[in-house]
Chemist: 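Have a look at this one.
Count residues from 1 along the sequence.
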Amino acid sequence: ERDSLIDSLQAQARLLGEASIPALIFDDEEAAHSNLVSITRAANIEEAALYRLDEDGTPRRFAHGTASGQAPAFLGARAPNVPFIVPSTRLDLRFENATIGTIHLVANNAALIKKVGLYLITVGSVALGALGIAAFLTAQLRRRATAAERQLEARTKFDELTGLPN
């Protein structure tokens, strides 16, 4: 599930990257921002940011968009800081054989977390059920073993043929 989410994110990054190259070339922050905001509203993307490379090659956030409308939590002004657990992707944007920027997308993983939660609940329920069955069968076996031990003990105290005590 996570792999398909990453694949979808990469495809969206390629499309958005192609649409964002003119905004970087013509220094159009408004168009870049509009593109990034629209993808966070339409797709399963929590944050999107477009970084421009300074003359020294340092990335600087050019524009961003978030599903919440707030400042990005992971995509900082200088560089992204996305934890491994959060599905995200990065794509370098090239124009005339030179990297002119980078696009970063961070997925909304609420659906993935929900599926993992349901999976854990299902596995936990099955495990508890199996433990319940095992406890029931163990109790049955103990009762039978106790009954057999009592019968053997009784047979050791009396002779079966004569009925006389041993």
Side-chain angles (χ1 to χ4, degrees), residues 1-139 141:
E1 192 68 31
R2 180 181 165 87
D3 290 341
S4 67
L5 182 61
I6 296 291
D7 289 344
S8 171
L9 210 57
Q10 289 171 342
Q12 291 169 3
R14 283 191 298 275
L15 292 172
L16 187 60
E18 289 296 321
S20 298
I21 288 174
L24 282 173
I25 293 170
F26 295 109
D27 200 32
D28 190 352
E29 288 182 42
E30 188 177 319
H33 178 73
S34 176
N35 286 343
L36 296 172
V37 168
S38 66
I39 199 163
T40 60
R41 289 187 181 144
N44 199 21
I45 296 174
E46 190 67 31
E47 297 179 14
L50 183 60
Y51 290 86
R52 168 183 273 166
L53 297 180
D54 288 343
E55 289 78 29
D56 63 354
T58 306
R60 185 178 313 272
R61 192 173 63 208
F62 181 70
H64 73 272
T66 60
S68 66
Q70 304 294 321
F74 301 119
L75 302 177
R78 287 280 182 183
N81 184 18
V82 183
F84 173 75
I85 195 164
V86 177
S88 65
T89 193
R90 170 185 179 265
L91 177 70
D92 288 337
L93 303 178
R94 300 182 59 80
F95 180 72
E96 294 181 352
N97 296 324
T99 301
I100 60 170
T102 306
I103 191 157
H104 289 265
L105 300 179
V106 177
N108 179 342
N109 60 355
L112 186 62
I113 289 171
K114 183 178 177 181
K115 285 184 180 183
V116 169
L118 288 174
Y119 174 77
L120 291 175
I121 289 170
T122 302
V123 168
S125 299
V126 169
L128 285 175
L131 285 173
I133 291 170
F136 173 76
L137 292 175
T138 301
L141 188 60

Chemist: Mind checking side-chain contact (heavy atoms from CB on, under 4.5 Å) for Asp3 and listing every partner two or more places apart, or none if nothing turns up?
Modeler: none
Chemist: Could you pull out all residues at least two apart from Asp27 that satisfy salt bridge (charged side-chain N to carboxylate O under 4.0 Å, His left out)?
Modeler: Arg52
Chemist: Under 3.5 Å, is there a donor-acceptor pair between the Asp92 and Thr102 side chains?
Modeler: yes
Chemist: Side-chain contact, heavy-atom cut-off 4.5 Å: Leu36 with Leu50?
Modeler: yes
Chemist: Looking at Asp56 and Thr58, would you say the former's side chain and the latter's main chain have a donor-acceptor pair under 3.5 Å?
Modeler: yes
Chemist: Mind jotting down which residue pairs meet the salt bridge (charged side-chain N to carboxylate O under 4.0 Å, His left out) criterion with at least one end in residues 118-132? Sequence neighbours excluded, please.
Modeler: none
Chemist: Compile the donor-acceptor pairs under 3.5 Å between side chains in residues 6-25 and protein atoms, sequence neighbours left out, one pair per line.
Modeler:
unit_1, atom_1, unit_2, atom_2, d
Ser8, OG, Gln12, NE2, 3.4
Ser20, OG, Leu16, O, 2.8

Chemist: Tabulate below the donor-acceptor pairs under 3.5 Å that side-chain atoms of residues 114-124 make, not counting sequence neighbours, or state none.
Modeler:
unit_1, atom_1, unit_2, atom_2, d
Lys115, NZ, Glu1, OE1, 3.4
Lys115, NZ, Glu1, OE2, 3.1
Thr122, OG1, Leu118, O, 2.9

Chemist: If a pair satisfies salt bridge (charged side-chain N to carboxylate O under 4.0 Å, His left out) and one of its residues is in residues 98-107, list it, with sequence neighbours excluded.
Modeler: none
Chemist: Around Asn97, counting heavy atoms of other residues, nucleotides and ligands shown, do more than 12 lie under 6.0 Å from its CG?
Modeler: no
Chemist: If you measure from CD1 on Ile103 to CZ on Phe62, what distance do you get to the nearest 0.5 Å?
Modeler: 11.5 Å
Chemist: Closest approach of Arg61 and Ala49, non-hydrogen atoms and distance?
Modeler: CD-CB, 4.1 Å
Chemist: Is there side-chain contact between His104 and Tyr51, with heavy atoms separated by less than 4.5 Å?
Modeler: yes
Chemist: Show the nearest heavy-atom pair for residues Gly65 and Val37, with the distance to one decimal.
Modeler: CA-CG2, 3.9 Å
Chemist: Rounded to the nearest 0.5 Å, what's the gap from CD on Glu47 to OG on Ser88? Could you check?
Modeler: 10.0 Å
Chemist: Of all residues at least two apart in sequence or in a different chain, which pass the side-chain contact (heavy atoms from CB on, under 4.5 Å) check with Ser38?
Modeler: none
Chemist: Can you list every pair that meets salt bridge (charged side-chain N to carboxylate O under 4.0 Å, His left out) and has a residue in residues 30-42, with sequence neighbours left out?
Modeler: none
Chemist: Sequence neighbours left out, what passes side chain to side chain donor-acceptor pair (under 3.5 Å) with Asp28? Give chain and number order.
Modeler: none
Chemist: If we only count heavy atoms from C-beta on, is the Leu128 to Val126 side-chain gap below 4.5 Å?
Modeler: no
Chemist: What's the separation between atom CG in Leu105 and atom CG in Leu91, rounded to the nearest 0.5 Å?
Modeler: 8.5 Å
Chemist: Please enumerate all residues that pass side chain to side chain donor-acceptor pair (under 3.5 Å) together with Thr40, with sequence neighbours excluded.
Modeler: none
Chemist: Does Glu46 have any side-chain contact (heavy atoms from CB on, under 4.5 Å) partners at least two apart in sequence or in another chain, and if so, which?
Modeler: Ala67, Asn108
Chemist: Does Gly101 offer a backbone N or O that forms a donor-acceptor pair with the side chain of Thr99 under 3.5 Å?
Modeler: no
Chemist: Write down the atom of His64, the atom of Thr66, and the distance for their closest heavy-atom approach.
Modeler: CD2-CG2, 4.4 Å
Chemist: Compile the donor-acceptor pairs under 3.5 Å between side chains in residues 130-137 and protein atoms, sequence neighbours left out, one pair per line.
Modeler:
none

